[in-house]
Amino acid sequence: MGKMMDAGGEMPPKVLQMYRAVMELIEEGEDIADLKVSTITDKAGIGKGTAYEYFETKDEIVVSAIVYYMQFFFGKLHEELMRREIFRERLAYLLDEVEKVEDRKVCFFRFLHLLSNTSEFSVLIRNKLREEGFEPYLPMHFLSEMVKQARENNEIASEAPVDYLVCFLMAQLMNYTLTVSIGADILGTDSKGMRRNIEQSIQNELQILCVKNKKIG
């Protein structure tokens, strides 16, 4: 479904233009379900007929565009997390990324929402990600990797099942992302205070132990 790369292993320029157009339209508040091929191609500055040279339907364009940017975002996120060897450092990096939500409308919160709901588009996105072999880089997978490695390194003392701890971490990240995304003023809370509470909650639930920083590299 949808062409991610051409025969030479590169993204066709016009496909990339459509992908960028889709993400710009989403950032502007367009409903994914209401997008039309003509709206996308007009935004991309190409003819409507060109879209059908690469895709059969509007859904294929939109899903492929979202997956393309998810791959970039979560791939980089996973890469940066793996550069940090201490669980506390990885957690701090994740929370830092969440705080960038105001500068990047299409990012952590939007992607998590698309992955977690049961809409037709979300199902198509998850199927496309599986086709692309990208599951190891999705949030639940790298959070699981974080927890397992922290346990092996004696950084957390909780004996709760890994799946539970991963779901707890995801819930806390979603909670903080929602706070930052909606705005502390609207929610009547302080984002910095919320971050401290989130970190304390995670520390208590996972029973995070003090581990000296390892020298990386």
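Transitive grouping of hydrophobic side chains (ILVMFWY, heavy atoms separated by less than 4.5 Å) keeps V123 and L129 in distinct clusters.
With sequence neighbours excluded, no residue forms a side-chain hydrogen bond (donor to acceptor under 3.5 Å, both in side chains) with T57.
Residue I156 comes nearest to L206 through the heavy atom pair CB-O, 3.3 Å, listed as atom of the first residue, atom of the second, then distance. Across all non-hydrogen atoms, the minimal contact from Y19 to I61 is CE2-O, 4.1 Å. In terms of heavy atoms, A33 sits closest to F121 at CA-CE1, 4.0 Å. Counting all heavy atoms, side chain and backbone alike, F168 lies closest to I202 at CE2-CA, 3.7 Å. Considering all non-hydrogen atoms of both residues, S158 and L165 come closest at OG-CD2, 3.8 Å.
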- Task: Please test Q149 against N153 for side chain to side chain donor-acceptor pair (under 3.5 Å), starting from the C-alpha separation and ending with a verdict.
- Result: CA-CA 6 Å; Q149 288 185 1; N153 295 335; 5.5 Å; no
- Item | Check against side chain to side chain contact (heavy atoms under 4.5 Å, CB included), M23 and Y68 | CA-CA 10 Å; M23 302 314 287; Y68 175 78; over 6 Å; no
- Task: Please step through side chain to side chain contact (heavy atoms under 4.5 Å, CB included) for the pair R88 and E199, ending with a clear verdict.
- Result: CA-CA 9 Å; R88 286 178 182 270; E199 289 177 319; over 6 Å; no
- Could you walk me through whether S122 and S119 pass side chain to side chain donor-acceptor pair (under 3.5 Å), step by step? CA-CA 5 Å; S122 293; S119 70; 3.0 Å; yes
- Query: Given V63 and V67, is the side chain to side chain contact (heavy atoms under 4.5 Å, CB included) satisfied, shown in steps?
  - Reply: CA-CA 6 Å; V63 169; V67 167; 4.2 Å; yes
- Task: Apply the test side chain to side chain contact (heavy atoms under 4.5 Å, CB included) to residues Y69 and V22: give CA-CA distance (whole Å), side-chain angles for both, the deciding distance (0.1 Å), then the verdict.
- Result: CA-CA 10 Å; Y69 279 94; V22 168; over 6 Å; no
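Here the side chain of Q17 pairs a donor or acceptor atom with the backbone of A44 at under 3.5 angstrom. Panel note: side chain N175, backbone A171; no donor-acceptor pair is recorded below 3.5 Å. With hydrogens and angles disregarded, a donor-acceptor distance shorter than 3.5 Å links the side chain of T41 to the backbone of V37.
In this structure, the side chains of M70 and F134 stay at 4.5 Å or more apart for every pair of heavy atoms. Using a 4.5 Å heavy-atom cutoff, the side chains of L95 and L173 are in contact. Between M140 and C167, some side-chain heavy-atom pair lies under the 4.5 Å cut-off. With a 4.5 Å cut-off on side-chain heavy atoms, V62 and L124 do not count as touching. Contact of the R130 side chain with the N127 side chain is registered, since non-hydrogen atoms from C-beta on lie closer than 4.5 Å.
Under a 4.0 Å N-O distance rule, the pair R151/E155 does not qualify as a salt bridge. At a threshold of 4.0 Å, the pair R195-D96 counts as salt-bridged, since one of the basic side-chain nitrogens sits closer than that to a carboxylate oxygen. Under 4.0 Å is where a charged nitrogen must lie from a carboxylate oxygen, and between E60 and K128 no such pair does.
In this structure, NZ in K58 is found 9.5 Å from OG1 in T39, a value given to the nearest 0.5 Å. In this structure, K36 NZ and D42 CG are separated by 11.0 Å, a value rounded to the nearest 0.5 Å. Atom CG of L143 sits about 11.0 Å away from atom CZ of R90, to the nearest 0.5 Å. Taking CZ of F87 as the start and CD1 of I208 as the end, the distance is 5.0 Å to the nearest 0.5 Å. To the nearest 0.5 Å, atoms CG (L138) and CD (Q71) are separated by 9.5 Å. Expressed to the nearest 0.5 Å, how far CG of L94 lies from CD of E80 amounts to 11.0 Å.
Counting non-hydrogen atoms of neighbouring residues, nucleotides and ligands closer than 6.0 angstrom, the CD atom of E56 reaches no more than 12 such neighbours. Other residues, nucleotides and ligands place no more than 12 heavy atoms under 6.0 Å from the CD atom of E120.
The side chain to side chain donor-acceptor pair (under 3.5 Å) test with H78 is passed by exactly one of R83, E145, H141: E145.
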